[in-house]
Colleague: 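Here's a structure for you.
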Amino acid sequence: EPFPLNITGEDGAGLLLVKGGRALIIVTDFGNGGEYRIAVDRRVAKLKENGKFSNVETGVELPADCTFHLKKHDFIVIKYE
């Protein structure tokens, strides 16, 4: 099956860790920063239903389309639970 995390936007990469229907996602910027969007295939990743994505550092829930901004060479840690 394909990798269940899709990142669109600037020059970035991501890591998806899943356990017990919950997930941690790390997205890093390798370019000059910009807008990013993530999409997770919840069926393939076996995530629980009705979970929410939020920024681990700030505790702020991500918008429904899972968009966020990263500065140059920055990263974000996102949790799904």
Colleague: Report the residues that fulfil side-chain hydrogen bond (donor to acceptor under 3.5 Å, both in side chains) with Asn50, sequence neighbours left out, ordered by chain and then residue number.
Modeller: none
Colleague: Looking only at heavy atoms, what is the nearest atom pair of Val44 and Pro2, with distance?
Modeller: CG1-O, 3.8 Å
Colleague: Who passes side chain to side chain contact (heavy atoms under 4.5 Å, CB included) against Asp11, sequence neighbours left out?
Modeller: Phe30
Colleague: Taking side-chain hydrogen bond (donor to acceptor under 3.5 Å, both in side chains) as the definition, give me every residue that meets it alongside His73, ordered by chain and number, with sequence neighbours left out.
Modeller: none
Colleague: Could you identify which residues cluster with Val40, counting Ile, Leu, Val, Met, Phe, Trp and Tyr as linked when any side-chain heavy atoms lie under 4.5 Å apart, either directly or through a chain of such contacts?
Modeller: Phe3, Leu5, Ile7, Leu16, Val18, Ile25, Val27, Tyr36, Ile38, Leu47, Phe53, Leu62, Phe68, Leu70, Ile76, Ile78, Tyr80
Colleague: Quick one: list whatever passes salt bridge (charged side-chain N to carboxylate O under 4.0 Å, His left out) with Glu81, sequence neighbours left out.
Modeller: Arg22, Lys79
Colleague: Which residues pass the side chain to side chain contact (heavy atoms under 4.5 Å, CB included) test with Val77, not counting sequence neighbours?
Modeller: Leu24, Ile26, Val56, Phe75
Colleague: Please, which pairs that meet salt bridge (charged side-chain N to carboxylate O under 4.0 Å, His left out) have at least one residue in residues 61-78, sequence neighbours excluded?
Modeller: none
Colleague: Glu10: what forms a side-chain hydrogen bond (donor to acceptor under 3.5 Å, both in side chains) with it, not counting sequence neighbours?
Modeller: none
